Enquirer: 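One structure, pasted below without further comment.
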Amino acid sequence: MKLKCPTCGREYDEPVQRCECGEPVEFKLFEGEPYIAKTVWERFYDFWPVEPAMELSLGEGDTPLVKSRIGRELGVRLYLKNETANPTWSFKDRGTFLAVSYAVKAGYGAVGTVSTGNMAASVAAYAARAGLKAKILVSESASDEKLKAVGVYGADVIRVKGDYGRLYFESLKLGEKLGVYFINSDNPFRVEGYKGIAFEIAEEITPDYVLIPTSSGGLFRGIAKGFIELRESGLIEEIPTLVAVQAEGCSPICRAFSEGKERIGRFENPKTIAKAIANPYPPSGNAVLKLLREFGWKCLSVSDEEILEAQRKLAGEGIFVQPASATGVAALEKLVEGGGIEEGAKIVSILTGSGLKTLATAGQGNARECPLEGLENCVSF
Ligand SMILES: *Cc1c(COP(=O)(O)O)cnc(C)c1O
């Protein structure tokens, strides 16, 4: 504690009240690198189970909540939580950041995951950031195109031949043996990181419904836990109705829910354009079922055509998402038609990841050619 008299320049180590010269003293000018808390990790500091290692942050979280035109004709107010604005273009970064914070603190030298898409890129990026080795296990059929976005971060990418469903459990066992911290789809720290989505929404509005694209169930559990903790701590009064949204071609959770089952069953021959939510045997499926039942929440599934239509509508508003991320908006009509929704209800749809990751399914574009001499003709209406 250094004080200084601005009048005579005398310095003090103890917090004296006034200088010996009779004038007031003050603390010395701040020097060094200022640390100004402003992120969701800092605003909601008490809610995380491990200290967020801010030096490892890539700026994940604090994504925009955008008011949408979609839904007006249905008489509801739709808001889009744009998670494509994360460092590797999906919400996975929130969970990866917190889990890597833990892995570093716990002294691991390597992290890993089982994924082909967004989670693989996210874990590879944060491993690079933290100076950890990364082991990314992918299925035999993963496309080279997708894996480029993982390899660029320097991760060790391993194509595993064999039952992809067993890989989740095998990786956890092997990780324990070899000292690799596996951050799979519903890793507990990953799920905690997703709570930030609920916190940020609650800072801006009090939604009636939240539409959540659901595959493994990690995201759904994280958002649910976030709202539950906000209510338990008295920061909000009511928890919104959460809606798990799945693709019709792979909807093990919605199927078990509508059949009144306690446990999910494997969804045979999954087929959907929404690859990021095509887990046929979700590891958090039973946990999501339990939440849906306990809180009286909903599960809706949508067809590939409805997904593509929603993707186009979002692009028409200037937001390009991947098919999996359009499922929430695709389910909007069903939600409203299902009844019981009040006029002007506030609905948030989580836009989970960017469309630039799935260009192959994004259509042909619509560029036309024009000779320079005829430019006016081409540009005029
Ligand atoms: C991972 C992912 C989901 C689903 O999240 P789960 O935690 O597996 O339920 C949805 N959309 C996108 C784009 C994803 O990458």
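Below, each value reflects all heavy atoms present in this structure, side chains not excepted, and no hydrogens, waters or symmetry copies. Along the sequence shown, residues carry numbers from 1. When a ligand or atom number is given, it counts from 1 through the structure's own listing order. Every value quoted in this text rests on a predicted model; they were computed, and no experiment measured them.
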Enquirer: Looking at side-chain heavy atoms only, is the closest gap between Tyr126 and Ile183 below 4.5 Å?
Expert: no
Enquirer: Can you tell me if the gamma sulfurs of Cys21 and Cys8 fall under 2.5 Å?
Expert: no
Enquirer: Kindly state each residue pair satisfying side-chain hydrogen bond (donor to acceptor under 3.5 Å, both in side chains) with at least one member in residues 94-104, sequence neighbours excluded.
Expert: Thr63-Arg94, Glu83-Arg94, Arg94-Glu200, Thr96-Ser122, Thr96-Arg190
Enquirer: Could you give all pairs that pass the side-chain hydrogen bond (donor to acceptor under 3.5 Å, both in side chains) test and reach residues 170-180, with sequence neighbours left out?
Expert: Ser171-Asn184
Enquirer: Answer yes when Lys334 and Glu337 have at least one side-chain N-carboxylate O distance shorter than 4.0 Å, and no when they do not.
Expert: no
Enquirer: Pairs under 3.5 Å, N/O atoms on ligand 1 and on the protein: can you put them in a table with the distances?
Expert:
from, atom 1, to, atom 2, distance (Å)
ligand 1, 7 (O), Ser216, OG, 3.3
ligand 1, 7 (O), Gly218, N, 3.2
ligand 1, 7 (O), Leu219, N, 2.8
ligand 1, 8 (O), Ser216, N, 3.0
ligand 1, 8 (O), Ser216, OG, 2.8
ligand 1, 9 (O), Ser215, N, 2.8
ligand 1, 9 (O), Ser216, N, 3.2
ligand 1, 9 (O), Gly217, N, 2.9
ligand 1, 11 (N), Thr352, OG1, 2.8
ligand 1, 15 (O), Lys92, NZ, 2.7
ligand 1, 15 (O), Asn118, ND2, 2.7

Enquirer: Provide the full list of salt bridge (charged side-chain N to carboxylate O under 4.0 Å, His left out) pairs with a residue in residues 48-66, sequence neighbours left out, each pair given once.
Expert: Arg43-Asp62
